Enquirer: 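First the structure, which I've put down as C-alpha cells, then a few questions once you've had a look.
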Amino acid sequence: MNKAVIFLTISLFVAAGQVFGYQADSLRTHNISISTSISNTEIPSNQTVDLTVIVSWEGPPDRYEVERLENPELINLEIMGSQSLSRSEIREERIFTIREFKLSISPVERGMGYIEGMTVRFKDSATEKRDFLTTQRLSIKGLPPVIPGDYSWVWKAVIVIIVIGFGTGIAIPFLKRRKSIKEEETEPEIPVEETYIVELNAIKGKNSLSYRQRLDDVVTVFRNYLVEKYKIPEGNRSEKALIDYLNNEAFDEMLTAKIKGIFDQAEQFRFSGTEINVDRFELIFGSIGACIETCGKNV
Amino acid sequence: MDQDIQAINAKIEKESAFVDKLTGEIGKAIIGQKYMVERMLIGLLANGHILLEGVPGLAKTTLVTTLSKTINTKFRRIQFTPDLLPADLIGTLIYNQHEGTFQTKKGPIFSNLILADEINRSPAKVQSALLEAMQERQVTIGEETFKLDDPFLVLATQNPIEQEGTYPLPEAQVDRFMMKVIVDYPDKDDELKIMQQMSADSSADVNVVIEPSDIVNARSVVKEVYIDEKIDKYIVDIVFATRNPEEYKFDDLKELIQYGASPRASIYLRLAAKAHAFLRHRGYVTPEDVRSIGLDVLRHRVIVTYEAEAEEVSAEDVVRKILNRIEVP
C-alpha cells in the first residue's frame, strides 16, 4: 500500500444536480468538477506525501472565479509546503480550464492522520452566483521514520561481484575447454561393453565364491549391462520382463533369442538348487561375453 | 542334492500333466479369462481362497461351475443378501417331533467349491461365519463340529460398483483370502468368440479330468517344489518394503502406506509362487513366479493413507511400484 496511490475523483457535475447530497438547483447550468489524490497512503513520519486537488471546468479561465483554496483541517498531519498552477487545454476543439493545488503533507507522529474535507468556493461569471464544492475525508498512515544510512559499501560490493562474475564467466569456459581438449587427447571414451567385460572377468576370478554364486553375479551384471545399454525402463528389469520389453520394442530377434537362451540356461542352475560345474559355467560365461560383444557392434 | 532336484522336476512334470488337460477342458466352456482360470487353479493347488472383484457378467459363476465339473467336485453358489443369516450358510439344528431329538441340517457351505456371490451384500455376522469356516475349515452346529470337505475352496465375489447398501469386508477378514483377483473385461477377439458361441446356443459339455483326491495329492506335490533361499529373501524384501519402504530407499512411498502386508502375505506369496511354478511344470520357483502372483497376493493387504487416497494412489499402484523397484535376484 506504500506505493499505492489513491485517486479519489469526486466529479461533481453540478449540472447533474447532486453534489454530495446538496441540491444545487441554481447551478444546473454549471459544469465544474473537483478531484483529489494523494501520492501515498502510508508514509514514514520524516517524509512527505503530496496531496493534489484539481478543479476543472469546460470553458475559458474566466468562466468561473475560483477563490483561494482554504487549507484543510488536518489531524496528526502538518502542511510542509504548497503550490498551485492554472492551465487551459483544448480537447476535441473544446476549451478546458484546470486549476491545480498541491500540498506537501507530513505525519506529525506515528499512527493514523486525517485530511478533512476541503471546500472550494467559486463564482459563476455568467450568473454571478456563488457556490462551493467539498472533497472527501482522506487518511494517511504515519510509519516510523526512516533513517538514511551510508550505502556506499553496497555499491562497492556490487562492483566486486560484477568483476568476479565477469572474470569467472570467462575463465571457467576457458579452463573447461582446455580440460576437455586434454582429456580428449589423453583418455579416449571407454565403451560401456568394456567396463562390463572387466567386471565379468573380475567375478570369474573370484575363487572364494562357488560357481553357482559366480553365475548369479555374472547374470546380474549382464542384466545391468542390458538395462544401461538399451535404457530399459523401471518395471522391465526382471529377466522375463526384459525379454518382453525387447520383443515389444522390435529389437533384433536373433539377439533377443540369444539373450533369452542365456537367461534360461542360467535360471535352472541359479534357482533349482542344482550345482553348476566349471564347464557349464564357462559355457554360459562365454555366451554372455559373446552376446555383450555382439550388442556392442550393433550400436 | 542335484539328484533330489532332478527327482522333484520329474515328479512335477508327471504330476502337473493334468493342468494342460484341465485348462483345455475349461477352455471349451470359457473363452478367454485365462488369467482368472490360472488364479483359480493356484488357489486350488495352494489351498487358498480367492476374492474376485469384477463387474457382473464376466463369467465368474460359469467358470466356477465348469471348474467343479472338471474336477468332479460339489459346487454351491450362495447369493449373499442383506437378510442372509449365518444358519442359512453353515446349517442349523432342526427338532424332530417323532424322535424328540434335534437333527443337524447342514448348510450349503458343506461343499468343495463355494461361490460366495457379492459377499459384501451381507452383514458382518454372515461374513464372519463364512470367513471363520474358511480359516478353520470346520463348522460347529449346536454342539457338534463338522470338518469341511477337502478340497474346500471359497471364491467370493465383490462388485466394484454399486457400493450403496453394502458391508465392506474388514481388512482383517480380507487378509484371509490368499489372493484378490481383479477380473477384467475380455478383449475384442474373445468378446467376438463369446458372442458367436452364445448365439449358437450350444453349451459345451465338459468332461471330468481329475478327481478331488488328485487335487489333494497335487497339493502335497506343490509343497515339494524347490524354492531357493534367494527367492525367499526376495519375498521377504517385497513384504518388508510394504511395511518400511524407506528401508529400501522408496521414500516416496512412505507417506502413501498406512499399514503394510502381514506375515500371511509372505506365507501366501511363497505358496502361490510354488503353485505358479507347478502350473508351468517346473520343479523350482523363479523370481518371475513371485512377480507374477505378487500383485494378486498383496493388493488387498496394503492399506494406503488418506494422503494417497487424496492423490488417487491405490494400494495396487503402491504394490506395483514395489514389485517394479525391488531388486530381482
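Predicted model, so just to flag it, every value in this text is computed and none were measured. Throughout, protein chains are lettered first and strands after them, A, B, ... in sequence-line order, and every chain is numbered starting at 1.
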Enquirer: State which residues pass salt bridge (charged side-chain N to carboxylate O under 4.0 Å, His left out) with Asp214(B); sequence neighbours excluded, sorted by chain then number.
Expert: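 Partners of Asp214(B) by the salt bridge (charged side-chain N to carboxylate O under 4.0 Å, His left out) criterion come out as none, since no residue qualifies.
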Enquirer: Are Gln268(A) and Tyr284(B) linked by a side-chain donor-acceptor pair shorter than 3.5 Å?
Expert: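 Short answer, no.
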Enquirer: Rounded to the nearest 0.5 Å, how far does OG1 of Thr274(A) lie from CG of Asn9(B)?
Expert: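 Result: 7.0 Å between the selected atoms.
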Enquirer: For residues Glu288(B) and Ala241(A), report the shortest heavy-atom separation together with the two atoms involved.
Expert: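 Distance-wise, the nearest heavy atoms are OE1-N, 4.2 Å.
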Enquirer: Using non-hydrogen atoms only, which part of Arg282(B) is less than 4.5 Å away from chain A: side chain, backbone, both, or neither?
Expert: side chain
Enquirer: Select one option (side chain, backbone, both, neither) describing which atoms of Val225(B) are under 4.5 Å from chain A's heavy atoms.
Expert: neither
Enquirer: My understanding is that only residues two or more places apart in sequence, or in another chain, count here; which of them pass ring-ring contact (aromatic ring centres under 6.0 Å, His included) with Tyr196(A)?
Expert: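 Once residues adjacent in sequence are excluded, the partners of Tyr196(A) under the ring-ring contact (aromatic ring centres under 6.0 Å, His included) criterion are Tyr225(A).
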Enquirer: Counting only heavy atoms from other residues, nucleotides and ligands, does the tally under 6.0 Å from CZ of Arg110(A) exceed 12?
Expert: no
Enquirer: Between Arg223(A) and chain B, with a heavy-atom cut-off of 4.5 Å, which part of the residue counts as in contact: side chain, backbone, both or neither?
Expert: side chain
Enquirer: Might you confirm whether atom CZ of Arg264(B) has over 12 heavy atoms from other residues, nucleotides or ligands at distances under 6.0 Å?
Expert: yes
Enquirer: Does a sphere of radius 6.0 Å around CD in Glu255(B) hold more than 12 heavy atoms from other residues, nucleotides or ligands, not counting ones at 6.0 Å or beyond?
Expert: no
Enquirer: Drop me the distance from Ser238(A)'s OG to Asn324(B)'s CG, to the nearest 0.5 angstrom.
Expert: 9.0 Å
Enquirer: Stepwise, does the salt bridge (charged side-chain N to carboxylate O under 4.0 Å, His left out) test hold for Asp228(B) with Arg212(A)?
Expert: CA-CA 12 Å; Asp228(B) 198 83; Arg212(A) 206 167 143 231; 2.4 Å; yes
Enquirer: Would you say Tyr114(A) has more than 12 foreign heavy atoms packed within less than 6.0 Å of its OH?
Expert: yes
Enquirer: Assess whether side-chain contact (heavy atoms from CB on, under 4.5 Å) is satisfied between Phe271(A) and Val285(B), documenting all intermediate values.
Expert: CA-CA 7 Å; Phe271(A) 302 115; Val285(B) 176; over 6 Å; no
Enquirer: With no hydrogens and no angle check, is any side-chain donor or acceptor of Lys230(B) less than 3.5 Å from a backbone partner on Arg270(A)?
Expert: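 Confirmed, Lys230(B) side chain pairs with Arg270(A) backbone.
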Enquirer: Please check if the number of heavy atoms outside Tyr35(B) that lie under 6.0 Å from its OH is greater than 12.
Expert: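 Buried by this count: over 12 neighbours within 6.0 Å.
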